[in-house]
Amino acid sequence: MNIIVLIKQVPATTNVKIDDKTGTLKREGVEAQVNPFDLYAVEEAIRLKEKFTGKITVLTMGPPQADRALRETLAMGCDDAVLVSDRAFAGSDTWATSYTLAQSIKKLGNYDVILCGKQAIDGDTAQVGPGVAEMLNIPHVAYVKKIEKIENNSAVVERFMEDGYDVVETPLPCLFTVVKEINTPRLPSLRGMMFSKKAEIKHLNAEQIEADATKIGVCGSPTTVMKVFTPPQRQGGERIAGEPQEQACKLVGKLKEIKII
Amino acid sequence: MEYFFTDEQKMIVELAKKIAQEKIKPVRQQYDESGEFPWEIVKELAQADLMGLYIPQQYGGFGGGVVELCLAVEELCKVDGGISLSLAATALGTFPILLFGTDEQKNKYLTRITKGECLAAFGLTEPEAGSDAGATKTTAVKDGDHYVLNGTKCFITNGGVAEIYTVIAMTDKAKGSRGASAFIVEKGTPGFTFGKKEDKMGIRASATCELIFQDCRIPKENLLGREGAGFIVAMKTLDQSRPGVAAQALGIAAGALDEAVEYSKTRKQFGHPISGFQAIQHMLADMATQVEAARALIYLTARAIDNKEKDISGISAMCKLFASDTAMKVTTDAVQIFGGYGYMKEYPVEKMMRDAKITQIYEGTNQIQRNVIALDLIKKSAKKK
């Protein structure tokens, strides 16, 4: 089974500053980590490989420093790593990112399953996984909490819902985004770390993935960030003291005062 | 401090730190309270390839030595001095096989230890033979193709949970210490059972148990080294393993120092963080100095051993002595800096102080270490003349 895992390098802290001019995250000088949700995808890929044998390719789009995030996943047990990097990709929104990743996957070819985390902890959009699937024209299931079985070129998975879970059957190849309930990611092993240190990371640029220049980077991004702000916190409200009867009277009075009743 | 470690050695530190922080820290208090054996962590250590750190690659190990073992133990013990003993005590039980085992014995046992399939333990101490190992009462009598073991070993770390035991027993009592031999005994051998599991002051997540031999027949192939070499096996093993105990002590001390520094910055009295008071600063300064000195001595000793230097008994005893006294002193001071909170189980330094005490006692009390150091001095002085 050939598995592709999409990962993202994100800031290692939730305390990230926002660029006032562009409204986007300031990533410079902040320590980076693999997006925690993506580690569940990596772990699930390794478990599938242990079960069915095969090869795991990890793919990320990002600056050259994203090399480190890829090596972390190699140390856990992935086989190959690909970094899609080009100045032309700078400023990509989720649409342009999905396009870029989909083009890269077409270039790599030959896959049965694509795994991603449910969302990245910096942008929190949860759009790129499904976006990639759409652009590859393959089915996807988001918020997968269990891969029940894979056989005869189809998979049965459990999709996490607010009020329980759905059991979904889908043909392969398919893209799954996974939630943290799916597994516990392993730590790297010493052998894995040695392998990862020496491993060669494949680089792809815009030309190599045959990207349409109008669909990548800032120019290819239909999203414009108007303003980023923290919604005002809810005020504490007013506490009405007294005996229950007294409280009820006061409450009705107040509600009448503001013309709610 | 830059100690000029290789990239591989730095990797070991990074990995051990990750395991300590992510896997051990959340459960350390629970294991300290229950005294259960932390199998889930043993699995993590094995999966991370740490169990075979000091075992040659031909037996599936990482091919490191005492330096690598010490680095891992130090890092793990910064968070918990008991849980990581599963690794350190396995090393103690494995060293006799590494040092004196035949190719057959090495192939048979080392590969299993490397894979993390089983733990090992070393059985020397007896109820009436602690520091005075010459008073060993356990006997091994040759009977055809077998040795028959009788006797009791006590306070054996990893006792009951390990599969492979290296045990010292008398093959010829008349010869005294020259009549002892070392054997490999596997768990499950008829006549080999376990006595009571000890309820300890500290390192409670480590299993400490009696080994009981009653007409326990083991194949003669399980003799380690030659007959009569038991005490040499034991002494050479301890020379190798002392930096490991020292690294355990160092880790506990360094962990307590970190906790004390952090706490002193947040704890306010008289309107100021207590880290601003010179009384606290001087305590922290002394603690840090002792920790760094212990670290330097341990790394030096471990490197000397890995470089196959012959004359290591003295320095090996020194690093165990110094690091464990440091651990006791530094953890006691850490509790003092925490004040009333330090005495409570809710804060980690109370446990660190309990864990530290054993490092002054086992694998040779610090009084015995001083004997070893003094004897070494006197021997060398005599040679000069």
Side-chain angles (χ1 to χ4, degrees), chain A residues 7 9-15 31-51 56 58 65 67-79 81 117 121 180-201, chain B residues 5-27 38 40-65 67-73 75-76 79 83-84 87 91 111 113-117:
Chain A
I7 68 160
Q9 191 179 42
V10 296
T13 162
T14 47
N15 195 14
E31 223 187 300
Q33 62 172 359
V34 178
N35 175 43
F37 288 114
D38 299 346
L39 291 177
Y40 297 95
V42 170
E43 174 65 31
E44 201 57 27
I46 298 170
R47 290 186 189 191
L48 288 177
K49 181 185 146 184
E50 284 169 350
K51 204 165 162 189
I56 306 169
V58 196
Q65 306 89 279
D67 176 273
R68 250 193 78 201
L70 289 170
R71 288 189 194 276
E72 243 178 82
T73 65
L74 291 177
M76 285 171 74
C78 296
D79 304 291
I121 57 157
K180 68 178 188 337
E181 285 74 11
I182 195 165
N183 57 42
T184 308
R186 69 191 63 194
L187 292 177
S189 69
L190 217 45
R191 277 193 189 80
M193 287 169 92
M194 302 278 285
F195 164 73
S196 141
K197 197 179 152 235
K198 291 182 189 133
E200 213 168 292
I201 300 215
Chain B
F5 288 117
T6 62
D7 286 349
E8 283 77 15
Q9 290 166 337
K10 286 176 186 162
M11 234 177 239
I12 292 167
V13 173
E14 188 190 327
L15 182 59
K17 189 176 191 167
K18 229 174 151 80
I19 296 175
Q21 289 295 333
E22 291 178 28
K23 304 290 177 185
I24 301 180
K25 202 171 185 177
V27 297
E40 53 165 334
I41 307 295
V42 172
K43 227 175 103 185
E44 294 285 350
L45 296 173
Q47 196 246 313
D49 300 326
L50 291 186
M51 283 298 178
L53 260 188
Y54 53 91
I55 294 175
Q57 287 174 341
Q58 63 188 113
Y59 306 109
F62 183 71
V67 171
E68 282 74 11
L69 177 66
C70 285
L71 289 174
V73 169
E75 213 50 49
L76 295 170
V79 163
I83 291 179
S84 49
L87 168 66
T111 41
I113 292 164
T114 327
K115 279 189 204 147
E117 283 172 5

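Not measured: the values here are computed from a predicted model. Every chain is numbered from 1, with letters handed out A, B, ... down the list of sequences.
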**Message:** Once rounded to the nearest 0.5 Å, what's the spacing between atom CG of B/Leu76 and atom CD1 of B/Ile24?
**Reply:** 5.0 Å
**Asked** Which of the residues A/Gly192, A/Pro188, A/Ser189 is involved in the greatest number of heavy-atom pairs with chain B at under 4.5 angstrom?
**Response** A/Ser189
**Message:** Other residues, nucleotides and ligands only: do more than 12 of their heavy atoms fall within 6.0 Å of CD on A/Glu200?
**Reply:** no
**Fill in**
When rounded to the nearest 0.5 Å, the distance separating OH of B/Tyr59 from OG1 of B/Thr111 is 9.5 Å
**Request:** Select one option (side chain, backbone, both, neither) describing which atoms of B/Leu50 are under 4.5 Å from chain A's heavy atoms.
**Result:** side chain
**Asked** Heavy-atom distance under 4.5 Å to chain A: side chain of B/Ile19, backbone, both or neither?
**Response** both
**Request:** Working to the nearest 0.5 Å, report the span between CG of B/Asp49 and CG of B/Leu15.
**Result:** 8.0 Å
**Message:** Can you tell me which portion of A/Thr184 sits under 4.5 Å from chain B's heavy atoms? Options are side chain, backbone, both or neither.
**Reply:** side chain
